Amino acid sequence: MPTILVLNGPNLNLLGQREPHLYGAETLADVEALCTRKAAAEGFKTRFHQSNREYELIDWIHAARGATVGIVINPAAFTHTSVAILDALNAYEGPVVEVHVSNVHKREAFRHHSFVSGRADAVIAGAGIQGYGFAVERVAHLARQKKAP
Ligand code: DQA
């Protein structure tokens, strides 16, 4: 089965405990279960990771080259700071969908800019953890389109 990589940046391990008024009550384990279920319904499997370390996210993107059909990424705070994650994604050949649980555009001005959006095929923000499900569906769709002659 083709694999979709789902990556989560810093502090997302605290989903469900951290600022629930912004990020909701669901946990990262709930996000993983949702992604697995959505991907399976589309005929894909997922590789799911979270890290608080920028280099680990970059290493996982590198490892995804030639081994996965697309990436769903919530870079969390690295969204707004990381040229290195953008560069890693630019070296990746498949579709990329950026997800944010909260609507970053409704929040502080420093969250309005994303380095990753310049590479992403789609950006989903403010749909709660449901956004990950939409992102998996979109990546599956784009991956299928890419494969078609
Ligand atoms: C976030 C939004 C970011 O601005 C923030 O730093 C996060 C989570 C989101 O999912 O809404 O950690 O990516």
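Owing to the predicted nature of the structure, the values given are computational and were not obtained by experimental measurement. Ligands are counted one by one from 1 in listed order, and the atoms in each one are counted from 1 as well.
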Without placing hydrogens or testing angles, list every side-chain donor-acceptor pair under 3.5 Å for residues 62-69, not counting sequence neighbours.
unit_1	atom_1	unit_2	atom_2	d
Arg65	NE	Ala91	O	2.6
Thr68	OG1	Ala64	O	3.0
Thr68	OG1	Tyr92	OH	2.7

*Find out whether Gln17 and Thr27 are in side-chain contact, i.e. whether some heavy atom of one side chain is under 4.5 Å from a heavy atom of the other.*
no
*Per-ligand residue contacts, ligand 1, heavy-atom threshold under 4.0 Å*: Arg18, Tyr23, Asn74, Ala76, Ala77, His80, His100, Val101, Ser102, Val104, Arg111
*Between the side chains of Asn52 and Glu54, is a donor N or O closer than 3.5 angstrom to an acceptor N or O?*
no
*Run the salt-bridge test on Glu98 and Arg119 with the 4.0 Å N-O cut-off and return the result as yes or no.*
no
*Side chain proximity check, Val97 to Ile71, heavy atoms < 4.5 angstrom*: no
*Can the ring centroids of His113 and Phe115 be said to lie less than 6.0 angstrom from one another?*
yes
